[in-house]
Amino acid sequence: MKVKKITFLDTFPVRSAVLRQGKPIETCFFLGDDDAETTHFGLFNDNNLIGVASVFKVQNENIEKNNQFQLRGMAVLSECQGKGFGNVLLEEICKFAIAKNAEVLWFNARENAVKFYQNSGFSELGDSFEIPEIGTHFVMFKYFVV
Ligand SMILES: CC(C)(COP(=O)(O)OP(=O)(O)OC[C@H]1O[C@@H](n2cnc3c(N)ncnc32)[C@H](O)[C@@H]1OP(=O)(O)O)[C@@H](O)C(=O)NCCC(=O)NCCS
């Protein structure tokens with residue numbers, strides 16, 4: 001098992017299968033995917049890409065910290081879920097953020113993934129909110145510098 005940097009285009013097959021099921025492939029593009037400051041990660045098992053996640057240099061105005069990073073598009077292929085792969089990917093993302101001197105990593109978490117992130121020490125910020133066509137989300141975050 002290996003986590004490697006990949007391009008935003010490389011993320012599309014996994015984003016499409018897990019996060020944008022039945023939707024046109026264009027919906028797999030996130031604004032900022034092609035920014036120089038955005039980093040995309042792939043989790044490989046036997047050289048097969050089974051998980052993806054991306055880190056954007058984006059501030060959340062409700063969080064009073066500097067040097068914030070946003071996690072987006074975290075997904076593990078359905079047949080590979082529940083086997084610890086998501087944890088491996090999330091740990092690598094946290095290491096990357098810490099290496100960049102991030103004070104906080106935050107993201108909009110799907111309601112059904114909140115427990116997964118809580119397991120890794122992330123907390124919800126505020127009330128849930130709806131993202132049209134995708135569902136109920138919570139902002140979640142973890143501070144690296146207090
Ligand atoms: C959320 C996701 C990335 C987690 O990856 P994963 O490989 O399935 O997670 P892991 O197997 O590493 O799980 C780690 C731990 O979290 C738990 N967990 C995983 N998904 C969970 C869920 N949806 N609800 C509750 N607990 C969950 C596991 O039981 C495991 O607990 P343990 O360490 O006590 O055994 C993956 O399930 C996924 O892609 N889901 C669909 C897309 C999605 O919701 N993405 C997140 C968008 S915010």
Side-chain angles (χ1 to χ4, degrees), residues 1-60 62-63 67-144:
M1 198 190 319
K2 229 184 205 166
V3 176
K4 289 194 274 192
K5 287 186 188 171
I6 57 175
T7 69
F8 74 87
L9 281 173
D10 294 334
T11 68
F12 282 14
V14 179
R15 280 187 186 172
S16 174
V18 182
L19 301 171
R20 296 289 185 270
Q21 258 175 328
K23 297 197 172 140
I25 198 76
E26 306 86 75
T27 64
C28 291
F29 180 79
F30 301 162
L31 197 66
D33 259 348
D34 49 357
D35 278 6
E37 285 185 311
T38 303
T39 311
H40 304 277
F41 294 90
L43 176 69
F44 293 82
N45 193 29
D46 292 336
N47 286 325
N48 298 312
L49 181 65
I50 60 158
V52 298
S54 304
V55 181
F56 292 64
K57 185 78 192 72
V58 175
Q59 296 284 121
N60 181 317
N62 295 315
I63 300 176
N67 202 27
Q68 301 187 18
F69 288 80
Q70 181 184 9
L71 171 63
R72 295 192 70 190
M74 169 94 181
V76 171
L77 290 178
S78 61
E79 60 270 30
C80 300
Q81 289 174 11
K83 297 177 177 163
F85 293 122
N87 262 344
V88 171
L89 196 49
L90 191 56
E91 265 175 37
E92 284 301 314
I93 299 286
C94 289
K95 278 190 206 160
F96 169 82
I98 290 165
K100 292 269 179 194
N101 294 316
E103 293 188 13
V104 63
L105 179 66
W106 70 275
F107 46 86
N108 298 323
R110 292 179 182 208
E111 193 176 27
N112 63 358
V114 165
K115 277 210 182 92
F116 164 74
Y117 294 117
Q118 282 173 341
N119 282 350
S120 290
F122 288 85
S123 308
E124 297 106 295
L125 179 75
D127 296 331
S128 66
F129 60 97
E130 296 300 316
I131 297 185
E133 294 189 47
I134 301 183
T136 304
H137 286 69
F138 288 84
V139 172
M140 295 191 77
F141 70 98
K142 186 172 181 173
Y143 293 149
F144 296 119

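From a predicted model like this one, the values you see are computed outputs, not experimental measurements.
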Fill in: Donor-acceptor under 3.5 Å (Lys83 side chain, Glu79 main chain)
yes
Worksheet item: Only one of Val14, Leu43, Leu89 forms a side chain to side chain contact (heavy atoms under 4.5 Å, CB included) with Ile50, so which one is it?
Response: Leu43
Discussion item. Measuring only between side-chain heavy atoms, which start at C-beta, is Val18 closer than 4.5 Å to Val76?
Written reply: no
Worksheet, complete the sentence: Rounding to 0.5 Å, atoms CG (Asn87) and CZ (Phe116) come to a distance of 5.0 Å
Discussion item. Does Glu133 have more than 12 heavy atoms from other residues, nucleotides or ligands lying within 6.0 Å of its CD?
Written reply: no
Worksheet item: Shortest non-hydrogen contact from Val114 to Ala109?
Response: CG2-CB, 4.4 Å
Worksheet item: Considering the options Phe138, Trp106, Phe107, which one meets the ring-ring contact (aromatic ring centres under 6.0 Å, His included) requirement together with Tyr117?
Response: Phe107
Worksheet item: How about Glu124 and Gln118: does a side-chain donor come under 3.5 Å of a side-chain acceptor?
Response: yes
Response to the item:
Heavy atoms of Gly73 and Leu19 approach each other most closely as CA-CD1, 3.7 Å
Discussion item. Please check this pair: side chain of Lys57 against backbone of Gln70, looking for a donor-acceptor N/O pair closer than 3.5 Å.
Written reply: no
Response to the item:
Closest non-hydrogen contact found for Ala53 with Ile93 is CB-CD1, 3.8 Å
Worksheet item: Can you list every pair that meets side chain to side chain donor-acceptor pair (under 3.5 Å) and has a residue in residues 29-45, with sequence neighbours left out?
Response: Arg15-Asp33, His40-Ser54
Worksheet item: Would the number of heavy atoms belonging to other residues, nucleotides or ligands and lying under 6.0 Å from NZ of Lys2 be above 12?
Response: no
Item to complete: Look at the side chain of Asn60 and the backbone N and O of Asn62, then say whether any donor-acceptor pair between them is shorter than 3.5 Å.
Response: yes
Fill in: Closest heavy-atom pair and its distance - Cys80, Phe85
O-CD1, 3.2 Å
Worksheet item: For atom CG of Leu31, is the number of surrounding heavy atoms from other residues, nucleotides or ligands below 6.0 Å larger than 12?
Response: no
Discussion item. How long is the straight-line distance from CG of Leu90 back to CE of Met74, given to the nearest 0.5 Å?
Written reply: 5.0 Å
Fill in: Contacts of Ser16 that satisfy side chain to side chain donor-acceptor pair (under 3.5 Å) - sequence neighbours left out
none
Worksheet entry | Those residues that, when tested against Glu92, pass salt bridge (charged side-chain N to carboxylate O under 4.0 Å, His left out) (two or more places apart) | Lys95
Fill in: Flag, side chain of Asn67 to backbone of Lys100, donor-acceptor distance under 3.5 Å
yes
Fill in: Nearest-0.5 Å distance, SG of residue Cys94 to NZ of residue Lys142
4.5 Å
Worksheet item: Cation-pi between Lys4 and Phe44: NZ/CZ under 6.0 Å from ring centre and within 45° of the ring axis?
Response: yes
Worksheet item: Atom CD in Glu26, atom CZ in Phe12: separation rounded to 0.5 Å?
Response: 9.0 Å
Worksheet item: So how far is it from Thr136 OG1 to Asp127 CG, rounded to the nearest 0.5 Å?
Response: 12.0 Å
Worksheet item: How are the rings of Phe29 and Phe8 set relative to one another: parallel (under 30°), tilted (30 to 60°) or perpendicular (over 60°)?
Response: perpendicular
Fill in: Within-4.5 Å side-chain heavy-atom neighbours: Gln68 and Ile63
yes
Practice prompt. Answer whether the closest heavy-atom distance between the side chains of Phe41 and Ile6 falls below 4.5 Å.
Written response: no
Worksheet item: Going from CZ on Phe69 to CG on Leu105, what distance comes out if it is rounded to the nearest 0.5 angstrom?
Response: 9.0 Å
Fill in: Any donor-acceptor pair under 3.5 Å from Arg20 side chain to Cys28 backbone
no
Discussion item. Before you tell me yes or no, could you show the steps for Leu71 and Phe56 under side-chain contact (heavy atoms from CB on, under 4.5 Å), namely the whole-Å CA-CA distance, both residues' side-chain angles and the distance that decides it to 0.1 Å?
Written reply: CA-CA 6 Å; Leu71 171 63; Phe56 292 64; over 6 Å; no
